[in-house]
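The next block holds one structure in the form of structure tokens; read it before the comments.
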Amino acid sequence: MTTPTIKLSSGFDMPIVGFGLWKVNNDTCADQVYEAIKAGYRLFDGACDYGNEVEAGQGVARAIKEGIVKREELFIVSKLWNSFHDGERVEPICRKQLADWGVDYFDLYLVHFPISLKYVDPSVRYPPSWMSEDGKLELGKATIQETWTAMESLVDKSFARSIGISNFSAQLLMDLLRYARIRPATLQIEHHPYLTQTNLVKYAQSEGMAITAYSSFGPLSFLELKVKNAENSPPLFEHSVIKSLADKYGKTPAQILLRWATQRGIAVIPKSNNPTRLAQNLDVTGFDLEAGELDSISALDQNLRFNDPLGYDLYVPIF
């Protein structure tokens, strides 16, 4: 199965459906990546903070060694964590992450959150999480401009083919675009029918940025994290609007949710360790929802955000 792609402003093609590595366990990650490649996935969305980049790279290496895929056929995404926003920290940590993956370049490297935290030496704790070496939440001093300038140098030195941002607001995008020498190719955000972020999506797309949605299934991803508003929210898979469309098209509720995004030009990065669902999640571009049906899903918007530091008792009010 060939996955449709989105042409990035950097000139590269990004698959519109990928495999997200958030919360993929270390003991299964290599096998999950390997099986996903066998199933046809070519985009893998990782991050320093996920703590599984070594294992993800092992899965990639196994697939390449067996001739299932070539490196240039993959689109590997990683992210700069908050503790490494100081300009002189960006390239060294990117180099470490590349070594962990076992690759020479990232297809896309993102600023994970628009916030600088105090540096934590990887030899002390890696990934660093939100806390300093003293176990406190301590802000850093790097500006977004300082960080972005260092990100641009990664492109100059061929460590990253494209660079982008994640969890940024429209206001921060406006500011970044004033000084960016290399414009962000993508914006990755929490995006599902309970949180459509319509104006942000429209603005970013109007500025030539591709949108990648994470947590496409809404509260489902956050139940195990005990996020309160996730526990109290009706599951999208069981919502009457989603279920009726799944019945009409002979698709799973997950496929309906993913098609709602991809049909609107938004990339998605679901994951599953179930072989059947793995294949189903990739097969979400071969049918179209009607315009009114897209609107009926969008109408479920409640501005309900699940991935918020405040929800994890971290006082970082970035949204």
Side-chain angles (χ1 to χ4, degrees), residues 3 5-15 17-22 24 26 29-38 40-81 83-112 121-123 126-128 147-166 180-186 188 210 212 267 269:
T3 303
T5 59
I6 298 173
K7 177 69 72 174
L8 301 181
S9 60
S10 55
F12 295 96
D13 293 322
M14 181 180 76
V17 181
F19 188 93
L21 292 165
W22 181 46
V24 174
N26 294 75
C29 184
D31 287 340
Q32 284 187 252
V33 169
Y34 172 77
E35 292 298 333
I37 292 174
K38 286 179 65 178
Y41 285 83
R42 293 297 178 262
L43 186 155
F44 291 89
D45 182 86
C48 156
D49 187 53
Y50 302 164
N52 55 15
E53 293 193 293
V54 169
E55 293 81 4
Q58 291 169 350
V60 166
R62 178 180 168 193
I64 291 175
K65 183 178 180 180
E66 294 184 9
I68 299 170
V69 71
K70 298 177 181 178
R71 167 63 185 98
E72 56 268 25
E73 295 171 337
L74 296 174
F75 194 98
I76 296 177
V77 183
S78 191
K79 305 180 187 75
L80 175 79
W81 184 243
S83 309
F84 307 109
H85 276 213
D86 296 308
E88 72 273 15
R89 306 292 187 189
V90 173
E91 182 179 321
I93 199 62
C94 180
R95 285 176 175 267
K96 171 178 169 45
Q97 291 175 258
L98 288 168
D100 286 348
W101 273 93
V103 297
D104 296 327
Y105 64 90
F106 288 124
D107 294 275
L108 177 63
Y109 194 62
L110 306 175
V111 178
H112 202 150
D121 192 313
S123 67
Y126 189 84
T147 304
W148 190 253
T149 299
M151 292 283 288
E152 291 171 328
S153 73
L154 299 179
V155 178
D156 298 335
K157 297 178 181 180
S158 299
F159 294 127
R161 287 185 166 180
S162 304
I163 51 177
I165 67 270
S166 180
R181 175 172 58 88
I182 300 176
R183 293 165 68 89
T186 68
Q188 185 173 129
T212 298
I269 45 173

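What you see below is based on every heavy atom in this structure, not just the backbone, and it leaves out hydrogens, waters and symmetry mates. All residue numbers in this chain count up from 1 along the given sequence.
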For the pair Asp13 and Lys7, evaluate side-chain contact (heavy atoms from CB on, under 4.5 Å) and give the outcome as yes or no after the intermediate values. CA-CA 5 Å; Asp13 293 322; Lys7 177 69 72 174; 3.0 Å; yes
Which of these, Val77, Ile165, Ile163, sits in a side-chain contact (heavy atoms from CB on, under 4.5 Å) with Leu110? Val77
Working to the nearest 0.5 Å, report the span between CG of Asn26 and CD of Glu55. 4.5 Å
Check whether any side-chain heavy atom of Ile93 sits under 4.5 Å from a side-chain heavy atom of Tyr126, and report yes or no. yes
What I'd like to find out is whether the side chain of Ser9 reaches to under 4.5 Å of the side chain of Pro184, using heavy atoms alone. no
Only distances under 3.5 Å count here; give the side-chain donor-acceptor pairs of residues 56-68 to other protein atoms, sequence neighbours excluded, each with its distance to 0.1 Å.
residue: Arg62; atom: NH1; partner: Asp31; partner atom: OD1; Å: 3.1
residue: Glu66; atom: OE1; partner: Tyr34; partner atom: OH; Å: 2.5

Does Glu91 use its side chain to pair, donor to acceptor, with the backbone of Leu154 at less than 3.5 Å? no
Smallest separation among heavy atoms of Phe12 and Ser162, with atom names: CD1-OG, 3.7 Å
Between Thr147 and His85 (side chain of the first, backbone of the second, donor and acceptor by atom type, cut-off under 3.5 Å), is there such a pair? yes
Looking only at side chains, do Lys79 and Tyr50 share a donor and an acceptor under 3.5 Å apart? yes
Which atom pair, heavy atoms only, marks the closest approach of Ala210 to Ile6? CB-CG2, 3.9 Å
Less than 3.5 Å apart, any donor N or O on the side chain of Gln97 or Trp101 sitting next to an acceptor on the other? no
Chi angles and distances behind the side-chain contact (heavy atoms from CB on, under 4.5 Å) call for Ser10, Arg161: CA-CA 8 Å; Ser10 55; Arg161 287 185 166 180; over 6 Å; no
Nearest heavy-atom approach of Asn52 to Leu21 is ND2-O, 3.0 Å
So, for Ala150 and Gly87, which heavy atoms are closest and what is the spacing to 0.1 Å? CB-O, 3.6 Å
Ile37 backbone acceptor or donor facing Arg42 side chain under 3.5 Å: yes
Mind checking the NZ-SG spacing from Lys157 to Cys94? Nearest 0.5 Å is all I need. 10.5 Å
Heavy-atom pair of closest approach, residues Pro127 and Gly51: CG-CA, 3.9 Å
Value for CD1 (Ile76) from CZ (Phe106), rounded to nearest 0.5 Å, stands at 7.5 Å
Validation row: Val17, Leu43 side chains within 4.5 angstrom (heavy atoms): no
Does any N or O in the side chain of Ser166 come within less than 3.5 Å of the main-chain N or O of Gln188, such that one atom is a donor and the other an acceptor? yes
Rounding to 0.5 Å, atoms CE (Met151) and OH (Tyr109) come to a distance of 6.5 Å
Between Leu74 and Phe44, is there a side-chain heavy-atom distance shorter than 4.5 Å? yes
Taken to the nearest 0.5 Å, the spacing of His112 NE2 from Ser83 OG works out to 11.5 Å
Kindly confirm or rule out a cation-pi arrangement of Arg95 over Phe159, judged by NZ or CZ under 6.0 Å from the six-membered ring centre and within 45° of its axis? no
So Arg181 and Asp156, salt bridge (Lys or Arg N to Asp or Glu O under 4.0 Å) or not? Walk me through it. CA-CA 11 Å; Arg181 175 172 58 88; Asp156 298 335; 2.7 Å; yes
Can you check side-chain contact (heavy atoms from CB on, under 4.5 Å) on Ser158 and Tyr105, steps first, answer last? CA-CA 7 Å; Ser158 299; Tyr105 64 90; 5.9 Å; no
Please step through salt bridge (Lys or Arg N to Asp or Glu O under 4.0 Å) for the pair Arg71 and Asp107, ending with a clear verdict. CA-CA 10 Å; Arg71 167 63 185 98; Asp107 294 275; 3.0 Å; yes
Go through the steps for Phe84 and Cys48 under the test side-chain contact (heavy atoms from CB on, under 4.5 Å), then give the verdict. CA-CA 10 Å; Phe84 307 109; Cys48 156; 4.1 Å; yes
Work out which heavy atom in Trp148 is nearest to a heavy atom in Ile182; give both atom names and the distance. NE1-O, 3.0 Å
Sub-3.5 Å donor-acceptor pair from the side chain of Asp86 to the main-chain atoms of Glu88, do we have one? no
